[in-house]
Protein chains: 2
Amino acid sequence: MKSDRIRNMEELANVSGISRPTLSKYFNDPESVRNSTRKKIEEALETYHYRPNIYAMNQNRRLTKNIGIVVPYLADPFFAEIARVIENLVIEGGFRPILLSSHGDTQQEIENLNSLQSIRPAGVLMAPLGRSSDIAAAERFCAEVPTVLFDNSIGDLGEAFFGLDNPQSVGIMVEYLCQTGEPPVFFEMKTPTNPNAYKRRNSYIETMERLGQTPQLIQVDGDTWDFEQIGYQGGLETIQRRKLSSNTVLCSNDRLAIGFLAAAYECGLRVGRGNSFALRVAGHDDHPYARFTCPPLTTVAQDYAAIATKSVEAILSLIESEERAVSRVTTLFSGKLIERASA
Amino acid sequence: MKSDRIRNMEELANVSGISRPTLSKYFNDPESVRNSTRKKIEEALETYHYRPNIYAMNQNRRLTKNIGIVVPYLADPFFAEIARVIENLVIEGGFRPILLSSHGDTQQEIENLNSLQSIRPAGVLMAPLGRSSDIAAAERFCAEVPTVLFDNSIGDLGEAFFGLDNPQSVGIMVEYLCQTGEPPVFFEMKTPTNPNAYKRRNSYIETMERLGQTPQLIQVDGDTWDFEQIGYQGGLETIQRRKLSSNTVLCSNDRLAIGFLAAAYECGLRVGRGNSFALRVAGHDDHPYARFTCPPLTTVAQDYAAIATKSVEAILSLIESEERAVSRVTTLFSGKLIERASA
DNA sequence: ATCATAATTTTACGCGCGTAAAATTTTTGA
DNA sequence: TCAAAAATTTTACGCGCGTAAAATTATGAT
């Protein structure tokens, strides 16, 4: 290894015998140069260890190779997991993922979008906060940057949307619960931030009515992202004040269900399906921890992989086409019933 | 609002009547210009909406305002939580956090470091993978970029280290368990990737011996970051093959404990403290979900906030001083016993 | 060997900003 | 009111790369 370090493309051009513009071309797409030159470049690269300066690259490129990923709350394993998958797909696609979490905060989401805008990303994948998103700000952003929404949709923003088919997923769960025991009550937050929550509520009501049952909502307070805590507190009150009109509880999401299970445990209610159990509890999403609750949580699995894959594919093809989507397409994936011991 | 957009500092200089170099100074530190000029600039900024081009800024600055944050596994709520706190502190300090997860993968960690290096961050906060880190690569990185390690330490890398005092934290837990019931067995992974795990094992053994007890290790297989799954599988085997020589189990971390609890539940063992329970299970870390397990998990809380705060303070003062640490300081924080129902 | 084609090199310019030094203006304090 | 100090402007250069057009060279099929 020759000692002196290569500080820029110019110097690499000198030692490799390849001209700087050709090197520039190589770094943008190794396949775009002749085989023999590629070989020379890669040999030089091995002995000299050089990486182009990202800032200089991005300053001059019309489009950067950055793809922003914005999630509402990264400390939620659901989003952590889907972000992980998306990150990998973005890298495979030859782009650089920039992961930002809004930490459940409106201001932070706006800040994230501003921050992204000054990075001039080629595209952005965004799961918005939902009800507490600043729609005007998001609109301005989407006008500037090709954006694909996932998980939940606000307004008609973005070039496309990929998410769960809530009516379907809640439907099969309600049907399952009705067929295998008592019809469920629906346990949820009173004013959830996530639009999916409203869809789930409505779908619960519709399915119950379709099955000739009377829907019953238990709505608890809470406006943070500490869903387990909210589920726990609300669960305690619900159980202690005997508000349960059924022995079966369908929670709007798994995190609420995890909290509810903790409350049921504390109250001495045995959760499970069958005569020896006092309560059935089901969740929704197939949260990474759902299989490790006590008892393991019956739930509806979202197809993480499909949502991630299709979202990335969409943004990549948008970027490649260099134009905006003709029309905004909404793609919904079916949920899959996961039968476990809790219901 | 005048219609035409400001495209660069030059144009802002024209419309604001302030010279470009002064604007440059303002954006680097608004306090560094005269009050009257600051006012003028901010007025212009309100009507024209301009943000400096990050790439051009960082290309020319000797030091960027970027601070890298590398965690081994972001889908682990522990790291998600500590990363969240660190991010906020970094922003408060006037820097831009760049959050990267190694996803439990050696190659990804190296890639993260490479990626960071080409960003020329002012400093980096890193929680390494541990045993599976590429120490040589990390060493090269630390030689180039001021780096502060947290959570776990490999070699003598970095300018400083902030983490948990494992001997203390495991010590108080073992003492607590011994005083309130049978001495615990220690449930852990056979070959954990995290150096802390070894410290905990040793501390368990030492404390037990100090208390005149016979240490007993239950070591289960697994080399992924799916700790709950590993704890669950290992727990099932342990319980079914009656390998438990005590009714008290101390798990090396909460995620293993969560899996173990699931296994105990499946086997019909009631977990808790007192005569009516078959098993006591304790964890370690006070994982965000520990309070919602059934039963709620007795554990030792790490002082997230302290570790995050001190780590950020350390890197910020290093950056400000513009030189490397005189000597590598290790700061360990005490754990705090959290008594819950599981043990 | 010959020529059309593709790849590369040369040349030249620009991106948007940091930064340094010298010249100028404003502020401060006596 | 005036000189010293502080802030600002002017001037000038450079950072490392993208990119376009023209000139040159290599490739590959006939």
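Quick caveat: nothing in here was measured; it's all calculated off a predicted structure. Order of the sequence lines fixes the chain letters, A, B, ..., with proteins taken first and strands second; residue numbering starts at 1 for each chain.
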- Per B/Arg34 side chain, nearest of listed nucleotides D/dT9, C/dT26, C/dC17: C/dT26
- Can you figure out which of C/dT8, D/dT8, D/dG16 approaches the side chain of A/Val33 most closely? C/dT8
- Message: Heavy atoms from C-beta onward define the side chain here; which of D/dG18, D/dG16, C/dT10 lies closest to that of A/Met57?
- Response: D/dG18
- Item | Nucleotide of C/dT8, D/dT19, C/dC15 approaching A/Ser24 most closely (side-chain heavy atoms) | D/dT19
- Query: Does some side-chain heavy atom of B/Pro72 sit less than 4.5 Å from a side-chain heavy atom of B/Phe79?
  - Reply: yes
- At under 4.0 Å, does any side-chain N or O of A/Ser19 touch on OP1 or OP2 of C/dT8? no
- Message: Output the rounded distance in Å from CZ (A/Arg120) to C1' (D/dG18).
- Response: 11 Å
- Query: Do A/Arg51 and B/Ser115 have side-chain N/O donor and acceptor atoms under 3.5 Å apart?
  - Reply: no
- Message: How many whole angstroms separate atom CD of A/Gln59 from atom C1' of C/dC17?
- Response: 7 Å
- Task: Report the nucleotide, chosen from D/dT8, C/dT8, C/dT19, that has the shortest atom-to-atom distance to any side-chain atom of B/Asn28.
- Result: C/dT19
- Message: If you only use heavy atoms from C-beta on, which nucleotide in C/dC15, D/dT19, C/dG16 is closest to the side chain of A/Asn60?
- Response: C/dC15
- Please work out if A/Pro21 contacts a base, only the sugar-phosphate, or nothing of the nucleic acid, heavy-atom cut-off 4.0 Å. base
- Would you indicate whether the side-chain heavy atoms of B/Arg131 and B/Asn194 approach each other to under 4.5 Å? no
- Message: Please classify the nucleic acid contact of A/Arg20 as base, sugar-phosphate, or nothing, using heavy-atom distances under 4.0 Å.
- Response: base
- Please report, rounded to the nearest Å, how far the P atom of C/dC17 is from the CG atom of B/Leu23. 10 Å
- Query: Which whole-number value in Å describes the distance from B/Asn14 CG to D/dT9 P?
  - Reply: 12 Å
- Query: When the distance from CE of A/Met9 to C1' of D/dG18 is rounded to whole Å, what number comes out?
  - Reply: 9 Å
- Report yes if some heavy atom in the side chain of A/Phe95 is under 4.5 Å from a heavy atom in the side chain of A/Asn66; otherwise report no. no
- Item | Whether B/Tyr73 and B/Trp225 hold their rings parallel, tilted or perpendicular, with breakpoints at 30° and 60° | parallel
- Task: Starting at atom NZ of A/Lys25, determine the distance to atom P of D/dG16, rounded to an integer number of angstrom.
- Result: 24 Å
- Query: A/Pro52 side chain: which of D/dG16, D/dA7, D/dC17 is closest?
  - Reply: D/dC17
- Between D/dC15 atom P and B/Asn53 atom CG, what is the distance in whole Å? 18 Å
- Note on the structure: On DNA chain C, more 5' by nearest nucleotide between B/Arg61 and A/Ser36 is A/Ser36
- Query: Rounded to the nearest Å, what distance is computed from the OH atom of residue A/Tyr55 to the C1' atom of nucleotide D/dC17?
  - Reply: 15 Å
